[in-house]
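Below, chains carry the letters A, B, ... as their sequence lines are ordered, and counting in each starts from 1. As a basis for the values below, the full set of heavy atoms in this structure was taken, side chains included, without hydrogen atoms, waters or symmetry mates.
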Amino acid sequence: MSKYIAKRLLMMIPTLIGSAIFVFFLLRLIPGDVCELRLAGTGLYADPAEIALCQKNLGLDQPLFVQFLDFLWGYVVFDLGDSMWTGFPVVHEISIRFELSLQVAIMATAVAIMIAIPLGIISAVKQDTWIDYIVRAFSIAGIAMPSFWLGILIILGMLIITQAMWGEPWMPPIDYVPIWEDPVRNLSQLIWPAVATGYRYSAVATRMTRSALLEVLREDYVRTARAKGLMEKVIINRHALKNALLPVVTIIAIEFAFLMGGLVVTEQVFNLNGLGKLFVESVGAQDFNMTQQLVKLVVVIFIFTNLFVDIFYAWLDPRIRYS
Amino acid sequence: MKNFTAKLAISAVIGAGVALSGAFADAAPKRGGTLNYVVGSKIPSYDGHKETTFGMIHPIRPFYSTLIRVNPDNPADPSDFVCDVCEGDVPKGEEGGTKFTFKIRKDVKFHDGTQMTAHDVKATMDKIIFPPKGIPSARKAFFKAVESVNVDNDYQLTMKLKFPTGSFIPALALPFNFIYAKKDLDAHGYTWHTKNINGTGPFKFVQHQKGSFVEGVRNPTYHHKGRPYLDGIKAISAPKLAVRVNAIRGDRAAIEFRGFPPKHRDDLVKALGKKITVQESDWNCVLMATPNHKRKPFDDVRVRKALTLAIDRWGGSKYLSRIAIVKTVGGVVYPQHSFAANESELLKLAGYSKDIKASRAEAMKLLKDAGAVGKTIDFSNRGVDQPYKIVGTWLIDQWKKVGFKVKQRVQPSPQFYATLRKKKDFDVSIDFNCQSVINPIADITKFLTSAGNNYSQGGDAKADALYEKLLRSGDAKEQRALIRQYEKRVLDDASVAFITLWWYKINPHRSYVKGWKIAPSHYLNQHLDNVWLDK
């Protein structure tokens with residue numbers, strides 16, 4: 001196993017180099033740069049000499065290959081550089097948002113698992129009954145409904161309901177406080193995006209759990225277990241579920257990785273200062289350096305998530321060996 | 001509906017009262033509380049001398065003072081300036097308007113406890129006007145007339161101009177001219193203030209959680225005694241308009257200083273009634289349409305003139321002001337300034353007649369003469385709803401009425417700027433001119449052939465000559481007359497670029513926010529030392 005993990009980690013290098021080349025040149029194909037936007041974007045008078053000076057200070061006046069070599073050299077010396085917009089180190093800018101994104105991703109995953117696994121099991125066990133129909137309708141609604149739209153409904157609903165009940169509208173906080181500083185305020189802000197994204201996420205996982213479990217329940221070893229007179233509960237929990245969870249784990253893990261960098265619109269709806277919002281702002285501001293490093297971070301998150309899934313497979317199904 | 005109209009009327013009356021008379025603001029301010037406000041843009045750096053965005057001004061301005069400022073109790077008056085760290089009245093120019101002597105207050109302290117003197121003001125002004133090589137200064141060009149900044153003694157400073165100009169004092173009142181400590185510049189260099197704050201403003205910097213909020217607390221040694229009234233401020237970053245509106249509705253923030261579209265004002269008033277006060281003002285920001293003089297047929301002045309003749313500004317104002325942040329019909333100068341064209345003067349300009357049928361008939365005739373009937377316009381627009389896309393859609397309709405076919409390209413801001421400034425591959429582009437302190441002589445430079453922000457690739461030699469005369473004129477009456485001639489040249493005779501409508505600023509806020517008065521720019525009156533909470 002350790003040999004397999006080492007091999008997978010080494011394979012990261014060409015993946016990262018490939019993505020670096022791709023993102024570097026792709027970003028520079030888009031017209032415009034951060035200095036134009038910063039100095040002329042407000043409509044105030046912008047001195048062309050000041051724009052040129054800004055471009056010089058950021059190295060944007062250098063030939064493209066020099067900029068690229070400079071970018072690669074940053075990895076060699078473990079210096080990811082500064083944000084072209086704020087001037088603060090990229091590592092600092094990302095680390096302060098990483099915590100929030102990680103917390104929302106964990107909470108949304110927890111919400112999704114708490115909804116998806118029980119509902120998926122019930123739906124499979126009670127196949128083609130009214131319970132199954134309700135669960136299916138609930139999960140299809142979750143797939144059909146974008147999480148940002150659900151987020152908007154949640155906020156508007158809270159404003160209207162609380163005003164009707166107490167005379168003063170209430171909505172979740174819009175500025176972030178770490179959970180160890182003020183857990184109540186932190187959770188009152190983050191629980192709603194976790195529910196909004198967790199519901200959509202659970203809908204996919206519920207469907208997957210149901211179909212995987214139905215397939216497993218038709219296997220010979222399940223029939224044998226039933227013939228032996230094992231209790232249905234034991235058959236499902238101990239024998240069927242573990243095998244049915246393999247594709248569900250894949251879905252959950254990929255969604256988790258997606259949430260870490262892809263919660264773009266939902267973060268904006270709830271005004272969350274996470275990686276998705278930073279991504280949008282960086283692209284919008286033509287902050288090449290920040291965007292490049294964020295893409296790299298997402299690549300790394302996906303690589304490690306997939307590695308974790310592979311290892312988890314081996315734990316779920318002892319027949320799987322990576323040697 | 002009746003109920004809603006009544007609420008809106010009550011709020012507008014209250015707002016107008018607050019804005020115009022200041023009666024509520026002057027009624028025994030209460031001390032304490034923290035003002036939470038939302039900011040719809042992000043902070044690039046903390047250095048006011050380098051930045052241009054309100055995303056920096058709104059959260060950072062309260063930590064700094066300036067030499068002079070727009071009168072916080074009368075910000076609507078574009079010529080009312082008062083001392084901030086200087087003493088007494090804003091000086092009138094001596095020696096034919098080429099020498100300005102400022103007495104500096106002796107009770108101003110930086111937040112690190114050190115005394116502020118004239119040396120700090122000189123170091124600041126030198127950084128802005130004569131920055132060392134490689135150090136950016138976004139408004140250096142505003143001070144082209146300044147010859148030198150000299151310290152007479154620790155508490156007196158003299159600024160000498162090469163020639164008298166009416167644009168000097170307004171430029172000095174720009175809210176970006178933060179006073180920095182000389183010792184900070186000497187010890188840490190000229191880029192230290194991009195990431196650090198040590199000002200003399202009403203609030204002391206506490207923390208900046210990047211991308212989330214900036215927090216400040218009352219400066220107990222603030223030089224305007226008794227102020228600020230607030231214990232603290234918290235500027236919360238909220239890029240999405242819907243979030244900012246909901247934040248005020250849900251009382252997560254009390255105010256947003258930039259401005260909301262009319263629909264959101266109405267929604268807030270409908271939802272909160274008397275708990276919301278609305279302040280409104282003309283905005284020193286104008287939406288323009290700029291033709292590319294290097295592209296056929298827009299190199300022909302007749303075609304450019306037809307473009308402006310086709311626009312029904314008076315009709316547009318009536319309807320667009322219901323859905324967009326534009327309203328007032330005006331010329332090149334901010335409509336409420338004494339240098340601005342009045343209605344009868346405007347009516348004489350091409351495209352400003354109230355007889356739109358006659359204007360469009362004239363446009364059709366010009367197009368026929370120029371052989372440009374039915375031409376297609378490649379129209380570049382910015383991918384921002386308010387007011388660009390809304391006004392852009394209206395312009396397309398206006399031009400179609402004189403036979404143009406319009407192909408609109410809507411691009412995100414960076415790509416839009418690349419088209420406007422670098423590629424220049426448009427026929428006509430949406431353009432805008434937003435300024436902070438109203439400084440007509442500086443604000444109208446956009447139409448000059450040499451102006452860095454004149455994107456038409458053209459100009460008018462006669463207008464350029466008129467501007468040179470204007471720059472050196474010290475007489476207000478003469479300045480106004482010269483501006484009228486300049487305006488006629490750039491908007492009519494040479495049709496360099498066109499004004500569509502002036503922006504209109506709408507600030508709905510929680511009624512418990514007192515003392516803050518709307519200014520004609522979202523950059524102004526943001527030191528917040530006069531704001532208090534009636535809670």
Of the listed G211(B), A242(B), S413(B), P131(B), the one with the largest count of heavy-atom pairs under 4.5 Å with chain A is G211(B)

Heavy atoms of other groups near Y75(A) OH, more than 12 under 6.0 Å:
yes

Among N271(A), T86(A), L278(A), residue most engaged with chain B (heavy-atom pairs, under 4.5 Å):
N271(A)

Greatest number of non-hydrogen atom pairs under 4.5 angstrom with chain A, of S237(B), S41(B), G55(B), falls to S237(B)

For a quick test of reading the model, state the closest non-hydrogen atom pair linking Q286(A) to P414(B) and the distance between them.
CG-CB, 3.2 Å

Between G87(A), P173(A), G284(A), S83(A), who has the most heavy-atom pairs with chain B when the cutoff is under 4.5 Å?
P173(A)

What part of Y46(B) gets closer than 4.5 Å to chain A, counting heavy atoms only: side chain, backbone, both or neither?
side chain

Non-hydrogen atoms of chain A under 4.5 Å away: do they reach the side chain of P239(B), the backbone, both or neither?
both

For W149(A), does the CH2 atom sit with more than 12 other heavy atoms under 6.0 Å from it, leaving out its own atoms?
no

Between S45(B), P136(B), A418(B), the one whose heavy-atom pairs under 4.5 Å with chain A are most numerous
P136(B)

G167(A) and K275(B) have their tightest heavy-atom pair at O-NZ, 3.2 Å

Given that the side chain runs from C-beta out, which part of T419(B) has a heavy atom under 4.5 Å from chain A: side chain, backbone, both or neither?
neither

Proximity breakdown for K56(A) and chain B, heavy-atom pairs closer than 4.5 Å:
neither

Using heavy-atom distances under 4.5 Å, tell me whether V269(A) contacts chain B through its side chain, its backbone, both, or neither.
backbone

Below 4.5 Å, heavy atoms only, C-beta onward: do M171(A) and R249(B) meet side chain to side chain?
no

When you compare the side chain of I51(A) with that of R421(B), does any pair of heavy atoms fall below 4.5 Å?
yes

Measuring heavy-atom distances to chain A, does L420(B) have an atom under 4.5 Å in its side chain, in its backbone, in both, or in neither?
neither

Relative to chain A, which segment of I43(B) carries a heavy atom at a distance below 4.5 Å: side chain, backbone, both, or neither?
backbone

Flag yes if more than 12 heavy atoms outside F258(A) fall under 6.0 Å of its CZ atom; otherwise flag no.
no

Closer than 4.0 angstrom, basic N to acidic O: yes or no for E50(A) and K50(B)?
no

Over all heavy atoms of both residues, which pair between K210(B) and N273(A) is shortest? Give the atoms and the distance, please.
O-ND2, 2.6 Å

Return the option, out of T162(A), I174(A), I155(A), with the maximum number of heavy-atom pairs under 4.5 Å with chain B.
I174(A)

Heavy-atom proximity to chain B below 4.5 Å, by part of I96(A)
side chain

More than 12 non-hydrogen atoms from neighbouring residues, nucleotides or ligands closer than 6.0 Å to NZ on K296(A), yes or no?
yes

With a 4.5 angstrom heavy-atom cut-off, could you sort out which part of K133(B) is near chain A: side chain, backbone, both or neither?
neither

Between Q209(B) and Y176(A), which heavy-atom pair has the shortest distance, and what is it?
OE1-O, 3.3 Å

Pick one of side chain, backbone, both or neither for A238(B), based on which atoms fall under 4.5 Å of a heavy atom in chain A.
both

Before accepting this row, confirm whether a basic side-chain N of the pair R252(B)/E168(A) lies closer than 4.0 Å to the acidic partner's carboxylate O.
no

Determine the minimum heavy-atom distance between N57(A) and G134(B), stating which atoms define it.
ND2-O, 3.5 Å

Answer yes or no: is there a side-chain heavy-atom contact under 4.5 Å between P169(A) and L272(B)?
yes

Chain A contact via V38(B) - which portion, at a heavy-atom distance below 4.5 Å
side chain

Side-chain touch D175(A)/N36(B), heavy atoms, less than 4.5 angstrom:
no

Which atoms of L156(A) approach chain B - backbone, side chain, both or neither, heavy atom under 4.5 Å:
side chain

